[in-house]
There are 2 protein chains.
Amino acid sequence: MEGKQIPRPIYQVRAELFRTLAHPARIQILELLRDGEHSVAQLIPGVGLEPSHLSQHLGTLRRANIIQSRKKGSSVLYKVSDSRVFDLLEVAKDVIAASLSEARDILTQLEHSHMAEASPASPPTEP
Amino acid sequence: MEGKQIPRPIYQVRAELFRTLAHPARIQILELLRDGEHSVAQLIPGVGLEPSHLSQHLGTLRRANIIQSRKKGSSVLYKVSDSRVFDLLEVAKDVIAASLSEARDILTQLEHSHMAEASPASPPTEP
DNA sequence: GGAAGACTTTAGAAAGTCGTCAAGTCATCA
DNA sequence: TGATGACTTGACGACTTTCTAAAGTCTTCC
């Protein structure tokens, strides 16, 4: 419990936050918790994981202070600590949507320029 | 090119985006690119990595379509594809700031409640 | 008290990521 | 043309993450 914490640089703290979110199951858990507190049992069908695996992801999110738990009877209820994480999920969705629509535009352009296809100049694909 | 791409679920796509950002060096690179296009040589002092290592992180960001490169003479210039990623970085900062200030409040509360503390209430016996 | 339910933790193999070094490509300069 | 500068790629050990299965807590109910 000593407070002698080395102050980690902001780049690293942000990277840790992103790494915590970097798993489909954990994002799915957060999306489910968007509708409020859920017990583990309630989360299981939504994420389709077996209890022990789900519990591990919950532990990861909990250690990062993204969610918090409380016991109620024999079950454990989880909720997000700060609703700002939803903003993060939303912005991520926007970034992806933008990237996808741009990709589609490029594809469309390629299709058109290949109408009279003869010479593949330089396919801009990454190996 | 008729690649019947299996549409990856949105949870996974977002997780991939977060994983791409889940490294201090990559966040630092993006912060540097906030000021516009930079060559690799210009990025090196900022991130403090040797060229080959930096190049690998640039490759990771490039494959995720977060940045794009173009050659100019013998150097390669990088810029971000969509400025929305900066929103992502900003929101992440907000989430962290909120979490930190909350943690500080809790610490303050603890300190106060320990004002009159003298004896460790219950030394946890070793299991 | 003992069984059952609801989670969590531990253990361990498989797969992925990180950082270093050597080798490779490509453009420019002498 | 050959050398140099500016990157990128490949290979590899060290380390981390993910997922399955088994064992370990708590609570509640009989």
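Residue numbers begin at 1 in each chain, while the letters A, B, ... track the order of the sequences.
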* Hey, is the side chain of B:Arg62 poking within less than 4.0 Å of OP1 or OP2 on D:dT9, counting only N and O atoms? -> yes

* Write down the distance between CZ (A:Arg70) and C1' (C:dA6), rounded to a whole number of angstrom. => 16 Å

* To do: Kindly say if A:Arg26 contacts the phosphate of D:dT18, meaning a side-chain N or O under 4.0 Å from OP1 or OP2.
  => yes

* Pairwise ring pair (Phe, Tyr, Trp, His ring centres under 6.0 Å) hits with a residue in residues 84-107 of chain B, at least two apart -> none

Give the table of side-chain donor-acceptor pairs shorter than 3.5 Å for residues 50-59 of chain B, with sequence neighbours excluded, one pair per line with atom names and distance.
residue : atom : partner : partner atom : Å
B:His53 : NE2  : B:His57 : NE2          : 3.2
B:His57 : ND1  : B:Arg26 : NH1          : 3.1

* Would you mind reading off the distance between A:Ile67 atom CD1 and C:dC7 atom P, rounded to a whole angstrom? => 13 Å

* Structure fact -> Contact string for nucleotides 19-30 of chain C, one letter per nucleotide 5' to 3', B = base within protein heavy-atom range under 4.0 Å, S = sugar-phosphate only, - = neither, reads BBBB----SS--

* Over how many whole Å does the gap from A:Ile44 atom CD1 to D:dC19 atom P extend? -> 16 Å

* How long is the span from the CG atom in A:Asp82 to the CD atom in A:Gln68, to the nearest 0.5 Å? -> 10.0 Å

* Asked: How many Å lie between CG on A:Leu43 and C1' on C:dC7, as a whole number?
  -> 12 Å

* Structure fact -> Rounded to whole Å, the CZ-P distance (A:Arg63 to D:dT16) equals 14 Å

* Heavy-atom distance under 4.5 Å between the side chains of A:Leu33 and A:Leu43, does that happen here? -> yes

Return a table of donor-acceptor pairs under 3.5 angstrom between the side chains of residues 88-99 of chain B and protein atoms on other chains or two or more places apart.
residue : atom : partner : partner atom : Å
B:Glu90 : OE2  : B:Arg34 : NH2          : 2.8

* Check side chain to side chain contact (heavy atoms under 4.5 Å, CB included) between B:Leu77 and all other residues, then give those that pass, not counting sequence neighbours. => B:Glu37, B:Ser39, B:Arg70, B:Lys72

* Asked: For D:dA6, does OP1 or OP2 lie under 4.0 Å from any side-chain N or O of B:Tyr78?
  -> no

* To do: Send over the distance from A:Leu58 CG to D:dT18 P, rounded to a whole Å.
  => 14 Å

* Asked: Which residues satisfy the side chain to side chain contact (heavy atoms under 4.5 Å, CB included) test with A:Arg62, sequence neighbours excluded?
  -> A:Ile67, A:Ser69, A:Tyr78

* Asked: Which part of the nucleic acid, if any, lies within reach of B:Ser75 when heavy atoms closer than 4.0 Å are counted: base, sugar-phosphate only, or nothing?
  -> sugar-phosphate

* **Atom pair distance, as rounded to whole Å: CD1 in B:Ile29 and C1' in D:dT8** => 14 Å

* Structure fact -> When rounded to whole Å, the CG to P distance for the pair B:Leu21 and C:dT17 reads 14 Å

